[in-house]
**Student:** 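Here it is, the structure, as structure tokens.
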There are 2 protein chains.
Amino acid sequence: MDIGGRLRAVREARSLSQRDLAGRAGLTGAAISLIEQNKSSPSVSSLKALLDAIPMTMSEFFSEVEEAGEPKYFYGSDEFVELSPQEVGLGVGASRVSLRQLGDAARHSLQVLHESYPPGADTGPDHLSHDGEEAGVVIEGIIEVTVADQVRVLNPGDGYLFDSRLPHRFRNIGESRCVIVSACTPPSF
Amino acid sequence: MDIGGRLRAVREARSLSQRDLAGRAGLTGAAISLIEQNKSSPSVSSLKALLDAIPMTMSEFFSEVEEAGEPKYFYGSDEFVELSPQEVGLGVGASRVSLRQLGDAARHSLQVLHESYPPGADTGPDHLSHDGEEAGVVIEGIIEVTVADQVRVLNPGDGYLFDSRLPHRFRNIGESRCVIVSACTPPSF
DNA sequence: GCTTTCCGTTAAATATATTTGACAGACTTG
DNA sequence: CAAGTCTGTCAAATATATTTAACGGAAAGC
């Protein structure tokens with residue numbers, strides 16, 4: 001994130017000197033100099049003051065910053081983001097469940113997870129529901145899945161597919177870990 | 001600009017404690033407490049770290065400041081529908097690729113495939129593109145994936161995620177079969 | 001009842017952002 | 001050329017963000 005370069009670009013695009021902009025924003029030229037060289041990371045309040053003086057909104061500023069760079073298509077297994085069970089609305093019984101998310105779901109309409117359930121793991125009966133659909137394939141181990149009023153034990157190669165608004169629950173009733181690759185749309189915790 | 005309130009909202013929406021989020025972002029719970037009370041204005045770099053851990057982009061953050069019987073949820077591995085390669089728009093090189101679809105995609109907004117590529121399999125360079133996004137996780141073997149102008153070899157545990165309108169190609173360059181679980185949205189074949 | 005653990009908050013210590021004040025280079029004006 | 005006035009940068013002083021270490025309250029287990 002080249003905040004400094006971006007600030008310099010928008011300032012120069014308006015033919016303002018560092019001291020000009022500083023005066024309008026209630027800061028000093030030196031501060032802007034350091035920020036533009038990325039020698040200091042401005043506080044949000046300082047950046048807001050600078051953008052108000054331009055004027056430009058924060059989201060405009062960052063949407064241009066964040067659009068820069070190559071799009072990312074590939075993810076090494078070490079780049080998957082580990083989600084905490086609480087984040088997905090799971091209870092304490094799910095404490096040891098590993099949910100590893102492929103990519104940055106907030107930017108996409110598709111969320112894929114690589115999940116691992118240790119023996120005995122249970123997402124609990126009160127799994128929060130949300131819009132969209134979710135589906136998955138069991139890769140390893142066995143798992144008991146409950147959706148609405150239906151229960152079934154899935155083996156490797158089996159899968160599930162349902163509307164996320166239905167209450168659902170996952171329990172590893174086997175003696176070894178259960179690995180699942182799942183997908184949700186739209187991404188919604 | 002109620003940065004604190006907004007941060008608290010997105011944090012609580014994910015059921016993360018201040019310390020949880022702090023740990024992932026490399027900060028401390030106390031800092032988040034002060035920020036959420038608007039008693040301190042985080043530096044841009046700190047806020048970026050917090051949002052990366054959520055995950056959420058800066059512009060997203062600021063833009064918000066600113067019956068046919070019983071429904072079927074479960075599918076045994078023998079119930080997956082084998083799609084013919086032509087059906088997916090693949091050429092002759094893909095003749096031995098196995099694409100097994102979970103459920104009836106036409107009725108859902110999510111399509112999940114259990115795919116198997118024998119050694120040497122190649123979807124060809126002219127893979128048809130369509131709307132939506134697609135993503136997947138490699139379960140077994142290795143595969144070379146090309147998306148637009150990027151190429152990468154993926155190993156078990158690695159994944160991909162891209163806009164389906166981009167031209168893409170899969171080639172098994174290993175010596176054993178490659179198994180992938182993939183997801184597309186919306187289903188479009 | 002009693003721990004134990006997790007939550008959020010706070011005070012003082014430390015790290016960092018920002019200001020003050022000064023410097024050198026570029027351009028104008030006399 | 002010299003005196004003015006811009007520009008951007010830097011060093012030291014100051015203000016603020018962040019950490020460390022502690023506190024009280026709420027919930028769970030004994």
Side-chain angles (χ1 to χ4, degrees), chain A residues 1-54 58 61-62 65 82-97 120-126 128, chain B residues 1-54 58 61-62 65:
Chain A
M1 288 255 291
D2 179 22
I3 298 293
R6 170 105 181 95
L7 178 60
R8 174 159 291 174
V10 300
R11 177 178 61 80
E12 290 181 341
R14 286 163 182 73
S15 304
L16 291 170
S17 72
Q18 291 178 339
R19 284 181 170 88
D20 278 347
L21 178 58
R24 300 188 190 194
L27 300 195
T28 65
I32 295 180
S33 175
L34 296 172
I35 291 168
E36 288 186 349
Q37 298 169 82
N38 288 317
K39 288 184 178 175
S40 86
S41 175
S43 69
V44 168
S45 55
S46 296
L47 181 60
K48 179 64 162 57
L50 290 170
L51 295 183
D52 282 347
I54 294 241
M58 296 287 262
F61 182 83
F62 284 108
V65 172
E82 180 78 37
L83 302 181
S84 73
Q86 296 89 335
E87 197 167 349
V88 197
L90 303 184
V92 274
S95 54
R96 286 159 60 238
V97 175
D122 185 352
T123 61
D126 52 353
L128 289 179
Chain B
M1 287 258 290
D2 180 20
I3 298 293
R6 171 105 179 88
L7 177 62
R8 174 160 293 177
V10 299
R11 177 179 63 78
E12 290 181 342
R14 286 161 181 75
S15 304
L16 290 170
S17 72
Q18 292 178 337
R19 285 180 172 89
D20 279 346
L21 179 58
R24 297 187 185 199
L27 300 196
T28 64
I32 295 180
S33 175
L34 295 171
I35 292 168
E36 288 186 348
Q37 299 169 83
N38 288 317
K39 289 185 177 175
S40 87
S41 175
S43 70
V44 168
S45 56
S46 297
L47 182 60
K48 179 66 164 53
L50 290 169
L51 296 184
D52 282 346
I54 287 211
M58 296 287 262
F61 182 83
F62 285 109
V65 174

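Per chain, numbering begins at 1; letters A, B, ... match sequence-line order. The shown structure was predicted, so the numbers you read here are calculated from the model rather than taken from an experiment.
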**Student:** Where is the tightest heavy-atom contact between A:Ala53 and A:Leu21, given as atom of each residue plus distance?
**Tutor:**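 Result for this residue pair: CB-CD1, 3.8 Å.
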**Student:** With a cut-off of less than 4.0 Å, is there a side-chain N or O of A:Lys39 near OP1 or OP2 of C:dA17?
**Tutor:** no
**Student:** Taking only N and O in the side chain of A:Gln18, is any of them less than 4.0 Å away from OP1 or OP2 of D:dT9?
**Tutor:** yes
**Student:** How close do A:Gly4 and A:Asn38 get, heavy atom to heavy atom, and via which atoms?
**Tutor:** N-OD1, 2.9 Å
**Student:** Which heavy atom in A:Ser46 sits nearest to a heavy atom in A:Leu27, and how many Å separate them?
**Tutor:**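 The answer is CB-CD1, 4.0 Å.
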**Student:** Identify the two heavy atoms, one from B:Ser41 and one from A:Val44, that lie closest to each other, and give their separation to 0.1 Å.
**Tutor:** OG-N, 3.4 Å
**Student:** If you look at every heavy atom in B:Ile32 and B:Gln18, which pair is closest and at what distance?
**Tutor:** CD1-O, 3.4 Å
**Student:** State whether B:Asp20 and B:Arg24 are salt-bridged, where the test is any N-O pair (Lys NZ or Arg NE/NH1/NH2 against Asp/Glu carboxylate O) under 4.0 Å.
**Tutor:** no
**Student:** Got a list of protein N/O to nucleotides 13-16 of chain D N/O distances below 3.5 Å?
**Tutor:**
none

**Student:** Do the side chain of A:Arg6 and the main chain of A:Phe61 share a donor and acceptor less than 3.5 angstrom apart?
**Tutor:**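 A pair under 3.5 Å: yes.
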**Student:** Does B:Ser46 put a side-chain nitrogen or oxygen below 4.0 Å from OP1 or OP2 of D:dT18?
**Tutor:**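 Yes, B:Ser46 has a side-chain N/O under 4.0 Å of OP1/OP2 on D:dT18.
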**Student:** For the pair made of CD1 in B:Ile3 and C1' in D:dT18, what is the distance, rounded to whole Å?
**Tutor:**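 So the two atoms are 17 Å apart, to the nearest Å.
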**Student:** Atom CE in B:Met58, atom CG in B:Leu47: separation rounded to 0.5 Å?
**Tutor:** 4.5 Å
**Student:** What residues from residues 19-35 of chain A pass a heavy-atom cutoff of under 4.0 Å to DNA chain C?
**Tutor:** A:Arg19, A:Gly26, A:Leu27, A:Thr28, A:Ala30, A:Ala31, A:Leu34, A:Ile35
**Student:** Report yes if at least one side-chain N or O of B:Gln37 is closer than 4.0 Å to OP1 or OP2 of C:dT10; otherwise report no.
**Tutor:**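 Looking at the OP1 and OP2 atoms of C:dT10, one of them is under 4.0 Å from a side-chain N or O of B:Gln37.
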**Student:** Taking any heavy-atom pair under 4.0 Å as a contact, classify B:Glu36: base, sugar-phosphate, or nothing.
**Tutor:** nothing
